[in-house]
Structure formats: structure tokens, C-alpha cells
Amino acid sequence: MSTDKEIDKRITGVWIDEAMDLLQVPSCILDAGGLEDSREAICRHVNPAFCRFMEKEKEELIERPFYQLGIMDKDSSWLNALSRAISDNQVIWGRLYAEKPGKWLRFVLAPVGENRVCSFSFLDISGEEKTRRRLRRDNATDKAIIRAIRRLISEPSFSRAIDRILQDLSRAIHPDRLYILETDRKTISNTYEWCAPGVKSEMASLQNLPYDDYMQSWEKYLENDTVVVIPDIEELRRHGDIDGYEILKRQNIHSLMSAPLYYQGELIGYLGADNYEENERMDTKYLLETVGAFIAMHVVNQRLMKRLEFASGNDSLTGVKNRNAMDIYFNQHAGESQLGVLFIDVNGLKYVNDTQGHAEGDRLMQNLAEFLCRYFPRENIYRSGGDEFVIVTPGTTEEKMRGKTREIKDAMQKESFSFAIGYAVSDHRGIQQAAIRADQRMYQDKREYYQNHPRYR
């Protein structure tokens, strides 16, 4: 005959089962009675909602260890929560990812009596979790973008700002290599680069390459997308782009993503990532595309600054330094001695301009500048006026300057142009006085030339 305690237990179990069947959320009863490891708990009862969730009949689910049902494996942290609920007799709330159905669940484990039995109920929150993770990903992506913009704005050195931005991006998407390629649609060059430890730099080998040979194939990706995405370079080979495949294969690249850099509608480069990591924490495509848009603007500004800097100190016609750069040098070295100064003035430039045109006169000046660069460092040559050049030679003597002057005058005899020349070496009176003496000697040389060639006067 059954005892009152056994009858109460059966009645209670039946009541719980019937009540559970009325619940609209998937629920089951787990029993660890007589088992040393509560993670071995047996599934004694499942309600209809649980069966629908698992897409199985009741008989396929009950009287089996719960971990065998496929929601979680035996070593999962969730089963440790089950152990606490049964062994410590406490209610446990939590969230888990059910591997077999591929769902996110919010669950509650509640002890039933004192017999190492508990109920397990849950809600499918996959949609909510997807939204939560997307918001978290978007937030992390936005923070990375804002950090990059702050670098560009606050860092006085553009190169340093780009280096730090590439480092920041590397921590977000974990690529093998991040880089900026700049192009004028004729050539393309790798101007900035970050490499993961152990990854070989490609910067030196990617300079002044023909754009069509190396990058033309990327443009077809931009016909249907805003960035170049190649998740597997094998697709290049399958589509017949053998050259593109070989280029990437040589660099040990198996996947890449590259955001085009535009300025006023013109393609000026790419911000690229090799062997990047696509993950739930970061929107890689949006990150590269947005950061690339800000980088493009600063790349153009940097180009303009370099052009202005070059123009402020260089002659646009001949490529040597200009009068402004010469004045700065003379002021900085005003009191120095042993500075050789050469003054050179083209003979007959006006005659060439009048008889053959100014274009021919310009070519004469360019040819003379290249001639001088064969004998002096380009950075020491200045075009001080329309047809005048000044050359500075530090650490020299009168004897050396006299020999150099004779050398280039002899070499001039084989050229299509002629020039007058004068030299001097600075002493305690400084470079300005040396320049005056060199100028006087140059004009003496010019007078002698025009005496012998009056038609060019």
C-alpha cells in the first residue's frame, strides 16, 4: 500500500504536468533525483509548446537526459545553472543560445518541491537578441568612426593621424593588413600601411604601378556595391581574372574589403583590409566606407598642402628652387663663410623669345636647369629671376669655385645655349657681399659675350 507521502508526490506531479501543459511557452520538468551529477537530469515531462519548438513528438523527448535533446551540450555553462537550481534549491533566471535550433532563449529554472526536480521554461528572444546585438554593433562601429575623425582633426601630423587610425581599425576588424592606396587613375601607390605581427609589408613593392593592370578589375565590384568585397579570392580565378588572382595570391591574401576614396566624384584611392575578420561586434563595411570618406577629404587637403609647400619654394618651370627659397637660405646663412655663390644669366634669351617664341625660351631654361643639375645638387640651385640662376656651394674655396666655373663653361660649349657666369666665396662679410661680387663678375662675363655677339644683345 502506498504511503501518504508517495500519494502526495504523485498527485503533485500530475498537477504540475497538467498546469504546465496549459502554458503557452515551451516548458519541461527535469528530474535529477538519485543522480550524483544534476547535469544528467532526466526530462520527465514536456508541454505541447516545447514539442513544437523542438519539432519533435513528446515520446522522442521524455525519459532522456536533457543535454541529449540538443538544446545545450553537457559542458555548457547553462547546465551549471541547472545544477545550482537543483542542488541549491533556488530560482535561476538567464539567457542562453540553443545550439541545435539556433535560437536565443530567455529562461527560468524553478525548483519543484525538495526532490531535486525543477521546471524549465523559456521564451524565444532571437529577434530581440538580433536587435540588441545590431544596436551594440552599430554603437561600437560609430565609436570607432568618431575616434578616427578625432584623430584627423586633433593630430597635427597627417601621417601620424593615419598611422593611428589604421591601428585603431586593426583592433576593430583584426585584419592581416590595412592600407591606403592613392591613385591618379594612371598609377597607384601604397602610401600608408599597418601590418599584423608576422605579416610582410607590401608597401615598397606597391609604388607607381599601372592602374589598369592592378586596379581596373576592382571597379566592376563598384558597379553593384559601394565597396570592393572579395570574401574568397578563388572567385577571381573562377571568373577568369587570373592576373588579379595571382597578385593577391602572391601577397597571401585570401579575402579583402576595400572602400573607394572619392573627392568631388573622382576616385583618388582605396582604404583596404586584407584577410579581415567579419564579426557581430563591428559593421566592417560601414566602418571602412565612412572612415574612408573622411580620409579622402584629408588626403586631398594633404596633396594641396604639399603642392603649396612645393610652389612656395620651387620654380614651376624648371623644377629647381625659387627666389623665395633663396632669400630664406640667404637670411639663415647670412654670416657664414666659405659659402660659394655662382651667378648664371642666360645669354640671348630675349632673342630666342622674339624669334622662336616663348615656348622655345621656356625649353631653353629647362635645358639649362637640367644641365646645372648634372654638376650641382638640385636643392642648391635657385632660379632667382627670369633668366638668372644662383647656385650655393657650402664649404668651398676660391680655388675650387674657379675650377668648377671653368668646368661648366667648357661643358657649355657643347650645348645649344649660352650663359654668363660669375662666382665668389663668402668671408667674414657674409653671403650677401659674396653674392654682390659674384653678380658683378657675371655681368662682366655677359658684357664680353655681347661684345662678341652683338646681334643677341
Side-chain angles (χ1 to χ4, degrees), residues 141 144-145 148 159 162-263 266-296 298-299:
T141 305
I145 292 170
S159 296
I162 294 298
D163 288 342
R164 289 189 171 185
I165 287 172
L166 295 182
Q167 289 178 12
D168 291 342
L169 292 178
S170 74
R171 288 188 284 268
I173 61 176
H174 310 290
D176 282 353
R177 184 169 167 267
L178 280 161
Y179 47 87
I180 291 177
L181 302 173
E182 293 188 46
T183 183
D184 56 3
R185 302 301 293 274
K186 296 177 182 177
T187 63
I188 191 157
S189 296
N190 188 172
T191 51
Y192 298 93
E193 180 188 62
W194 173 93
C195 292
V199 175
K200 179 186 175 183
S201 170
E202 296 290 341
M203 195 165 178
S205 62
L206 300 177
Q207 298 297 320
N208 298 315
L209 302 176
Y211 179 85
D212 288 346
D213 293 349
Y214 281 81
M215 308 304 300
Q216 188 67 43
S217 61
W218 283 22
E219 294 193 11
K220 68 181 180 182
Y221 290 93
L222 300 178
E223 294 175 1
N224 301 310
D225 203 345
T226 53
V227 301
V228 177
V229 181
I230 306 177
D232 183 355
I233 66 167
E234 292 298 327
E235 74 176 54
L236 296 179
R237 185 164 62 175
R238 288 193 295 269
H239 293 151
D241 186 4
I242 304 301
D243 291 340
Y245 172 82
E246 292 296 338
I247 291 170
L248 298 181
K249 188 73 173 178
R250 178 187 62 77
Q251 300 175 56
N252 296 316
I253 297 171
H254 54 74
S255 65
L256 72 81
M257 183 180 293
S258 189
L261 309 182
Y262 293 107
Y263 183 74
E266 292 294 324
L267 179 69
I268 64 168
Y270 290 90
L271 169 61
D274 293 341
N275 304 335
Y276 62 95
E277 177 185 290
E278 190 69 78
N279 57 66
E280 293 184 349
R281 295 183 296 102
M282 196 68 57
D283 188 338
T284 305
K285 177 180 175 181
Y286 179 65
L287 177 64
L288 292 181
E289 192 172 17
T290 307
V291 171
F294 284 95
I295 286 178
H298 285 267
V299 165

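All values below come from the heavy atoms of this structure, side chains included, with hydrogens, waters and symmetry mates left out. By convention here, the first residue in the shown sequence is residue 1.
By the 4.5 Å heavy-atom criterion applied to side chains, Pro175 and Asn275 are not counted as neighbours. Considering only heavy atoms from C-beta on, Ile162 stays 4.5 Å or farther from His298 through its side chain. Side chains of Leu267 and Tyr211 form a contact here, defined as non-hydrogen atoms less than 4.5 Å apart.
For Asp274, the salt bridge (Lys or Arg N to Asp or Glu O under 4.0 Å) test picks out Arg177, with sequence neighbours left out. Arg250 is linked by a salt bridge (Lys or Arg N to Asp or Glu O under 4.0 Å) to Glu202, counting only residues two or more places apart in sequence or in another chain. For Gln207, the side-chain contact (heavy atoms from CB on, under 4.5 Å) partners two or more places apart in sequence, or in a different chain, are Ser189, Asn190, Met203. Partners of Ala296 under the side-chain contact (heavy atoms from CB on, under 4.5 Å) rule, at least two apart in sequence or in another chain, are Leu261, Ile268. By the side chain to side chain donor-acceptor pair (under 3.5 Å) test, Tyr263 pairs with no residue at all, sequence neighbours left out. Partners of Asn224 by side-chain contact (heavy atoms from CB on, under 4.5 Å), not counting sequence neighbours: none found. Residues satisfying the ring-ring contact (aromatic ring centres under 6.0 Å, His included) criterion with Tyr179, sequence neighbours excluded, are absent altogether. In this structure, the side-chain contact (heavy atoms from CB on, under 4.5 Å) partners of Ile247, at least two apart in sequence or on a different chain, are Tyr214, Gln251. Applying the side chain to side chain donor-acceptor pair (under 3.5 Å) criterion to Tyr262, with sequence neighbours excluded, gives no partner residue.
Annotation: the span from Tyr286 atom OH to Ile145 atom CD1 amounts to 4.5 Å, rounded to 0.5 Å. Put simply, CD1 on Ile180 and CD1 on Ile295 are 4.0 Å apart, with the number rounded to the nearest 0.5 Å. For the atom pair CG (Leu166) and CZ (Arg171), the distance works out to 11.0 Å, reported to the nearest 0.5 Å. Note that the NZ atom of Lys200 and the CG atom of Asn252 stand 9.0 Å from one another [nearest 0.5 Å]. Distance check: Leu271 CG to Met257 CE gives 11.0 Å after rounding to the nearest 0.5 Å. Lys249 NZ to Glu246 CD: the interatomic distance, rounded to the nearest 0.5 Å, is 8.5 Å.
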Counting only pairs under 3.5 Å, give me each side-chain donor-acceptor contact of residues 227-234, with atom names and distances, residues two or more places apart or in other chains.
residue : atom : partner : partner atom : Å
Asp232  : OD1  : Glu234  : N            : 3.0
Glu234  : OE1  : Arg237  : NE           : 3.3
Glu234  : OE1  : Arg237  : NH2          : 2.6
Glu234  : OE2  : Tyr245  : OH           : 3.0

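Among all heavy-atom pairs drawn from Glu277 and Thr284, the shortest one is O-OG1, 3.8 Å. The heavy-atom pair separating Trp218 from Ser258 by the smallest distance is CZ3-OG, 3.1 Å. Scanning both residues, Cys195 and Val199, for their nearest heavy atoms gives CB-O, 3.7 Å. Here the shortest heavy-atom pairing between Ala148 and Ile165 reads O-CD1, 3.5 Å. What you find for Leu178 and Ser170 is that their closest heavy atoms are CD1-N, 3.4 Å.
Listed for the Thr141 side chain is a donor-acceptor partner under 3.5 Å among the backbone atoms of Asp283. The backbone N or O of Thr187 sits less than 3.5 Å from a side-chain atom of Thr183, completing a donor-acceptor pair.
Environment of CD in Glu235: crowded, with over 12 heavy atoms of neighbouring residues, nucleotides or ligands closer than 6.0 Å.
Residue pairs meeting the ring pair (Phe, Tyr, Trp, His ring centres under 6.0 Å) criterion with at least one partner in residues 180-200, sequence neighbours excluded, are Phe158-Tyr192. Contacts classified as salt bridge (charged side-chain N to carboxylate O under 4.0 Å, His left out) and involving residues 205-223 (residues at least two apart or in different chains) are given here: Arg185-Glu219.
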Query raised in the report: Met215 and Leu209: side-chain contact (heavy atoms from CB on, under 4.5 Å), yes or no, with the steps?
Result: CA-CA 9 Å; Met215 308 304 300; Leu209 302 176; over 6 Å; no
